[in-house]
J.: 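This is the structure I want to talk about, given as structure tokens.
We're numbering straight along the sequence, starting at 1. Atoms considered below: every heavy atom in the structure, side chains included; atoms not considered: hydrogens, waters and symmetry mates.
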Amino acid sequence: MRSAPLDPTRPVRRAAAALVVALALLTGGFSASPALACDEDTARLVPRTILALHDGGREGAVRQTRLHRAAEMILNHMGYVLDYHDVAAGPPPPLLPAEVAATLSWFDAPLARDADFARWAASVERDCGGLRMIAFDHVGIRPELAYDGQRDAYLSRLGLRVSGGETALGVLSRTVAMDAAMIGHETPFDIEPGRHAALEAVPPARSLLRVEAAPGAPAFDLVVLGPRGAFADSSATLRHDARGGLSFWVLDPFAFFEAALGQPPAPVPDVTTEGGRRLFFSVVRPEGWLVAEPALRFGQETRIGSELLLDRLVAPYPDLPVSIGVLTGDLDATLAGPEAPRGRVAARALFALPQVRPGTAGHSLVRTWAFFDGYDPAREAQLLRELRGAADPGAAGLIGAAVRTLERALPLPAPVAAGRMAEAPRRYMRDPFDLWRETAGALAEVSELAGGRPAGFHLWTGDASPHADAMAAVAEAGAAGLGGGGGIYNRFAPALSNLSAYAVREGGQLQVYNALSGDEAYTGFWTTPEHGFHAFADTVRATGSPRRLRPFQLGFAASSALSFGTRTAVEAALGLARASPVLPVAAADYVRIVEGFHSARLRREGERAWRITNRGALQTLRVERAAGLALDLAASRGVLGAVREEDRLYIALNPSDPEPLVALAEDPAPLGMRGLDRPALVSSRFRVLDFEAGRCRIALRLQGWAPGVMDWQARPGTRFAIDVRRLGTSYAVGSAIADPEGRLSIQIPDPQGADLDVTLDGDC
């Protein structure tokens, strides 16, 4: 994977900078930085991009890098997006655009082109200046070499200088000084035996961790924070626990990045919250769709997974939307066998429910997406031949049927390779792979099955690493792709690095990851332990507080309806969602929110005011350490309201305003708002789709799946007449009065599968 623009809607960079980039890429060299271009508009931009430098020759694709697997999640939560550049493929540009806040590298050895990198790192700048540089593990050059003076210039940007030759740490080494508030976040620091570069902080940079190789030996620094950059040795970043398979942060990554980036406070685009509540969405995968439940007695008529899914885990929960991804191959009796018609009937019944959002998981259940990047039918036919040769002579079914059918369609090569694969790259291999059938074709088939309702999302199956063409096919079909990523974060896996980034970019396409892992991760793919998914509730709580790191995503497969342990765990999770202050949305809505996170741009409009643009479906900004701050409604435009959660402020944006203005003021108001010239939203069980407000009247369109409450802040004592319309017809009327503290709670009736139009007319 190579570097790509972070957002396809990003404006074209200035011609001068583009010319410099083009020349650098064509010549493969690092030229000196041109004069900085800094107009007033550029200076007001809030930089949200981190240029992530990785060595593809050693780490491979972006998905495999430590930056993506460990650091990106932290930076996403802080509001940053990572734009990757493989330094093994060519140089980064010498002048970076204003949206780049810093460069971040995580090398494990000197680069092959270390001299070029030293020259670039010594002089690279960005529009308006102020570029920060952060290096984890290895600085990418050999500190013992001067590189014509470029070494010292580069290291000084990190707050470092060379204090001696490479030094070995061992049993006699000791820690000289350590910032206990920054070091020892998830696991304590221990000196890592081995050879380390002798680097030390250059004032005014400060050391957070200092060690000496032996008593009386010169000390050197392993973690340094400077005014223009920062450095952390590998021993102070992540420590891997081979027994549990987890990697724990030694330093506090939130505090470290905040100090290293050094940006003035600004609101952060937030994907976890909407309408003042934590987002909830649920996704059902197709595994087990046609599998029959175990029979308890001879001759018992059994049901299949999709029928149990309908009866036990979907129909009883009309208040919780669920997005169901059907594998269309499971609905074809010539592929899937005699149970397929029952699976089709169950799918049609599920899609008829108003809380169900139809989607697909493709057609043939792809397990290894890379195999189909540049697909060669003859290669797959040969693989099938190998699988047939490797199969147990007594085995029947999937592989044998696939071999027989594809042999009729394609001429098999005479030679059979010696290597044999243990698993086919997809489940249904009767027909040659067809990307259209896996994406747009499957979506169209599900839409027809759902009575014309559009199939709005596609679940990535198998290794969930689709190639760029597959992602583009889903996007061109108008659907939202979701899959991969996720993670478990609880008392059994208390490692932040176990949570994925929000998304990954591949060939200019953005793949949005699952927010949390589903039932398969807790049960070893429904093998053992059967009750393991009950631990999911711990992850939900741990990712909700003290930091709201993730929305509440419930993911499970039809397989979980088949056994008591997994079924009761899903029922418990659904009960937790019902009891929690969440705002339910569809899975496709979450995908669009994450896409908006990556495209959003913020500009300063004053000392405490920001305008947000290009945000797509993202509707929330978060302000950290906001105990003394409040949303200034009188000075803001395009906002619904705000709510305070601990020391954070969640600001709800008006979906009808493409460029809202958010203004803050010093005020410790309990609800986090001041300047109430109209009712302001505090929290809602319903999604606001449209909003118009006057001084005494509010009109809004809501989306929901069950009766619920909207909480508002208004002038105390104001009476509001409430009218709720469904499909243009008056659905409910009533009135409510704001209490002496200005709190106004509105009971919204059951929408019965339709959007609601609500008006609040005040007597002011």
J.: To check you understand the geometry: which heavy-atom pair defines the closest contact between Pro749 and Ala732, and what is its length?
T.: CG-CB, 3.9 Å

J.: Under 4.0 Å between a Lys/Arg side-chain N and an Asp/Glu carboxylate O for Asp538 and Arg491?
T.: yes

J.: Hey, could you give me the CD/CG distance between Glu339 and Asp330, rounded to the nearest 0.5 Å?
T.: 11.5 Å

J.: Less than 4.5 Å apart, any side-chain heavy atom of Leu335 and any of His363?
T.: yes

J.: Report the distance from atom CD of Gln553 to atom CG of Asn514, rounding to the nearest 0.5 Å.
T.: 4.5 Å

J.: Is it true that a side-chain atom of Asn76 and a backbone atom of Tyr502 form a donor plus acceptor pair closer than 3.5 Å?
T.: yes

J.: Tell me, do Arg379 and Phe371 make a side-chain contact under 4.5 Å, heavy atoms counted?
T.: yes

J.: Is any NZ, NE, NH1 or NH2 atom of the basic residue among Arg427 and Glu287 found under 4.0 Å from an Asp or Glu carboxylate oxygen of the other?
T.: no

J.: Tell me the closest heavy-atom pair linking Glu506 and Pro466, and the distance in Å.
T.: CG-O, 4.2 Å

J.: More than 12 non-hydrogen atoms from neighbouring residues, nucleotides or ligands closer than 6.0 Å to CZ on Arg701, yes or no?
T.: no

J.: Any side-chain to backbone donor/acceptor pair from Gln355 onto Val314? Under 3.5 Å, distance only.
T.: yes

J.: Check whether any side-chain heavy atom of Arg685 lies under 4.5 Å from a side-chain heavy atom of Val582, and answer yes or no.
T.: yes

J.: Quick check: do Trp289 and Leu309 have side-chain heavy atoms less than 4.5 Å from each other?
T.: yes

J.: One pair to check against side-chain hydrogen bond (donor to acceptor under 3.5 Å, both in side chains): Ser560 and Asp519. What are the steps and the verdict?
T.: CA-CA 8 Å; Ser560 279; Asp519 53 355; 2.4 Å; yes

J.: Using a 3.5 Å distance criterion without hydrogens, assess whether the side chain of Arg453 forms a donor-acceptor pair with backbone atoms of Phe351.
T.: yes

J.: Measure up the Tyr375 and Phe372 rings against each other and bin them: parallel (under 30°), tilted (30 to 60°), perpendicular (over 60°).
T.: tilted

J.: What about Phe556 and Phe533, are their ring centers closer than 6.0 Å?
T.: no

J.: Measure the CE-CG distance between Met429 and Leu384 for me, rounded to the nearest 0.5 Å.
T.: 4.0 Å

J.: Do Pro354 and Gln752 have side chains that approach each other closer than 4.5 Å (heavy atoms only, starting at C-beta)?
T.: no

J.: Parallel, tilted or perpendicular, judged at 30° and 60°: which one describes the rings of Phe536 and Tyr522?
T.: perpendicular

J.: Kindly say whether Gln703 contributes a backbone atom to a donor-acceptor pair with the side chain of Arg687 at under 3.5 angstrom?
T.: no

J.: Answer whether the closest heavy-atom distance between the side chains of Arg367 and Thr461 falls below 4.5 Å.
T.: no

J.: Less than 4.0 Å between a side-chain N and a carboxylate O, is that true for Arg548 and Asp270?
T.: no

J.: Using the rule side chain to side chain donor-acceptor pair (under 3.5 Å), only one of Thr543, Thr272, Thr273 pairs with Arg278; which is it?
T.: Thr543

J.: Would you say Ile593 and Leu279 make side-chain contact, with heavy atoms under 4.5 Å?
T.: yes

J.: If I compare all heavy atoms of Ala455 with all of Gly359, which pair ends up nearest, and what's the gap?
T.: CB-CA, 4.2 Å

J.: Tell me, with the steps shown, if Leu549 and Leu496 meet side-chain contact (heavy atoms from CB on, under 4.5 Å).
T.: CA-CA 10 Å; Leu549 298 172; Leu496 287 167; 3.8 Å; yes

J.: Hey, does the side chain of Glu293 reach the backbone of Thr302 with a donor-acceptor pair shorter than 3.5 angstrom?
T.: no

J.: Any side-chain to backbone donor/acceptor pair from Asn498 onto Ile488? Under 3.5 Å, distance only.
T.: yes

J.: Got a salt bridge between Asp463 and Arg63, using NZ or NE/NH1/NH2 to carboxylate O under 4.0 Å?
T.: no

J.: Hey, is the main chain of Ser247 close enough, under 3.5 Å, to the side chain of Ser497 for a donor-acceptor pair?
T.: yes

J.: Between Phe457 and Val474, is there a side-chain heavy-atom distance shorter than 4.5 Å?
T.: no

